[in-house]
Amino acid sequence: MAYLRMYARSYVFSCAMAPHTAAGILKVIELHEKDRSNLAKLWENTCYMQIRLREAGLDTGATASQVIPVIVGNDRRLRKISRYIYDRELYTGVVTYPAVSGKRTRLRLSISSNYTVEQMDTCINIIREAFREM
């Protein structure tokens, strides 16, 4: 299994960007150049999430972007936590070995300027419950 994880095609990061991804990025840049008001809201939401996750006792690493890791620690627990929160209709990315150390596996939260405080609080509560249960 370890061999497959390391050498399976889905784990090899060697492909060109998909055209629809490039088009999406160009559109975001175009919109940002027209109206930068969402940027302040994005950082407000990012700071709110980082503070609240840390207050909940969760390790968010030393991120300096709107992508917030929530360190889990091992792959088995990460899978259980990921399933727990998915079953509660919250989707997060997961980052496993070999992208990170096997002892630093994590959830990957991408914060948006469109999130409300209520949505972020719901997210935090679900993740906190998952860490308690698993």
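A quick note: this is a predicted structure, and the numbers were derived from the prediction, not measured. Both backbone and side-chain heavy atoms feed into the values below; hydrogens, waters and symmetry mates do not.
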Asker: Linking Ile, Leu, Val, Met, Phe, Trp and Tyr by side-chain heavy atoms under 4.5 Å, what else ends up with Ile51?
Answerer: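 Listed partners: none, Ile51 stands alone.
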Asker: Check whether any side-chain heavy atom of Thr63 lies under 4.5 Å from a side-chain heavy atom of Pro69, and answer yes or no.
Answerer: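 In contact.
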Asker: Considering non-hydrogen atoms only, spot the tightest contact between Ala130 and Tyr84 and give its length.
Answerer: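 Closest heavy-atom pair between Ala130 and Tyr84: CB-CD2, 3.3 Å.
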Asker: Side-chain heavy atoms under 4.5 Å apart, restricted to Ile/Leu/Val/Met/Phe/Trp/Tyr: what other residues fall into the cluster of Val67, or is it alone?
Answerer: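 Traced through the cluster, Val67 reaches no other member.
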Asker: Taking Arg77 for its side chain and Gly73 for its backbone only, find out whether a donor-acceptor pair lies under 3.5 Å.
Answerer: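 Here the side-chain-to-backbone pair does not exist.
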Asker: Is the number of heavy atoms from other residues, nucleotides or ligands within 6.0 Å of CZ (Arg108) greater than 12?
Answerer: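 It does not: Arg108 CZ has 12 such atoms or fewer within range.
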Asker: To the closest 0.5 Å, what do you measure between SG (Cys123) and CE (Met120)?
Answerer: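 Result: 9.5 Å between the selected atoms.
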Asker: Do Tyr97 and Val72 sit in the same hydrophobic cluster, where Ile, Leu, Val, Met, Phe, Trp and Tyr count as joined when their side-chain heavy atoms come under 4.5 Å apart?
Answerer: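 Result: no, two separate clusters.
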Asker: With clusters defined by side-chain heavy atoms of hydrophobic residues (ILVMFWY) lying less than 4.5 Å apart, directly or transitively, does Met49 cluster with Val94?
Answerer: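 Hydrophobic grouping puts Val94 with Met49.
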Asker: Holding to side-chain contact (heavy atoms from CB on, under 4.5 Å), I want the full list of residues that pass it with Thr116, two or more places apart in sequence or in another chain.
Answerer: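 Once residues adjacent in sequence are excluded, the partners of Thr116 under the side-chain contact (heavy atoms from CB on, under 4.5 Å) criterion are Glu118, Gln119.
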Asker: Applying salt bridge (Lys or Arg N to Asp or Glu O under 4.0 Å) as the test, list every pair that has at least one member in residues 120-132; sequence neighbours left out.
Answerer: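 Matches after skipping sequence neighbours: Arg52-Asp121.
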Asker: Can you sort out the partners of Lys41 under salt bridge (Lys or Arg N to Asp or Glu O under 4.0 Å), two or more places apart, ordered by chain and number?
Answerer: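 Once residues adjacent in sequence are excluded, the partners of Lys41 under the salt bridge (Lys or Arg N to Asp or Glu O under 4.0 Å) criterion are Glu44.
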Asker: So Asn45 and Val117, side-chain contact (heavy atoms from CB on, under 4.5 Å) or not? Walk me through it.
Answerer: CA-CA 8 Å; Asn45 284 353; Val117 169; 5.7 Å; no
Asker: Going by the rule side-chain contact (heavy atoms from CB on, under 4.5 Å), which residues pair with Gln66 if we only count those two or more places apart in sequence or in a different chain?
Answerer: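 Checked Gln66 against side-chain contact (heavy atoms from CB on, under 4.5 Å); matches are Leu42, Thr46, Ile111.
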Asker: Could you work out the complete set of other residues in the hydrophobic cluster of Tyr91, with links drawn between I, L, V, M, F, W and Y side chains under 4.5 Å apart?
Answerer: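 Tyr91 clusters with Tyr86.
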Asker: Name the residue from Leu58, Ile71, Val70 that meets the side chain to side chain contact (heavy atoms under 4.5 Å, CB included) definition with Leu107.
Answerer: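 Single side chain to side chain contact (heavy atoms under 4.5 Å, CB included) partner of Leu107 among Leu58, Ile71, Val70: Val70.
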Asker: Kindly compute the distance separating CD1 (Ile68) from OG (Ser110), expressed to the nearest 0.5 Å.
Answerer: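 Here the rounded value is 9.0 Å.
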Asker: Rounded to the nearest 0.5 Å, what separation is found between the OG1 atom of Thr105 and the CG atom of Asp75?
Answerer: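 It is 6.0 Å, given to the nearest 0.5 Å.
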Asker: Tell me every residue that passes side-chain contact (heavy atoms from CB on, under 4.5 Å) with Lys80, counting only those two or more places apart in sequence or in another chain.
Answerer: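 For Lys80 the side-chain contact (heavy atoms from CB on, under 4.5 Å) partners, ignoring immediate neighbours, are Arg76, Met134.
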Asker: Could you tell me the separation between the CD1 atom of Ile126 and the CD1 atom of Ile81, rounded to the nearest 0.5 Å?
Answerer: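 One gets 13.5 Å once the value is rounded to the nearest 0.5 Å.
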Asker: Using a 4.5 Å cut-off between side-chain heavy atoms of Ile, Leu, Val, Met, Phe, Trp and Tyr, which other residues end up in the same hydrophobic cluster as Val100?
Answerer: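 Joined to Val100, directly or through intermediates: Val95.
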Asker: Just to verify, what does Asp87 make a salt bridge (Lys or Arg N to Asp or Glu O under 4.0 Å) with, not counting sequence neighbours?
Answerer: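 Salt bridge (Lys or Arg N to Asp or Glu O under 4.0 Å) check on Asp87 returns Arg83.
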Asker: Supply the atom-to-atom distance Asn114 CG to Asn38 CG, rounded to the nearest 0.5 angstrom.
Answerer: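 Rounded to the nearest 0.5 Å, the CG-CG separation comes out at 6.0 Å.
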Asker: Do you know which two heavy atoms are closest between Leu78 and Thr96, and how far apart they sit?
Answerer: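 The answer is CD2-CG2, 3.4 Å.
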Asker: Identify each donor-acceptor pair in which a side-chain atom of residues 19-34 lies under 3.5 Å from a protein atom, sequence neighbours left out, and give them as a table.
Answerer:
unit_1, atom_1, unit_2, atom_2, d
Lys27, NZ, Glu30, OE2, 3.3
His32, NE2, Arg36, NH1, 3.1

Asker: Suppose we screen for salt bridge (Lys or Arg N to Asp or Glu O under 4.0 Å). Which residues come up paired with Arg104, at least two apart in sequence or across chains?
Answerer: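 Partners of Arg104 under the salt bridge (Lys or Arg N to Asp or Glu O under 4.0 Å) test: Asp59.
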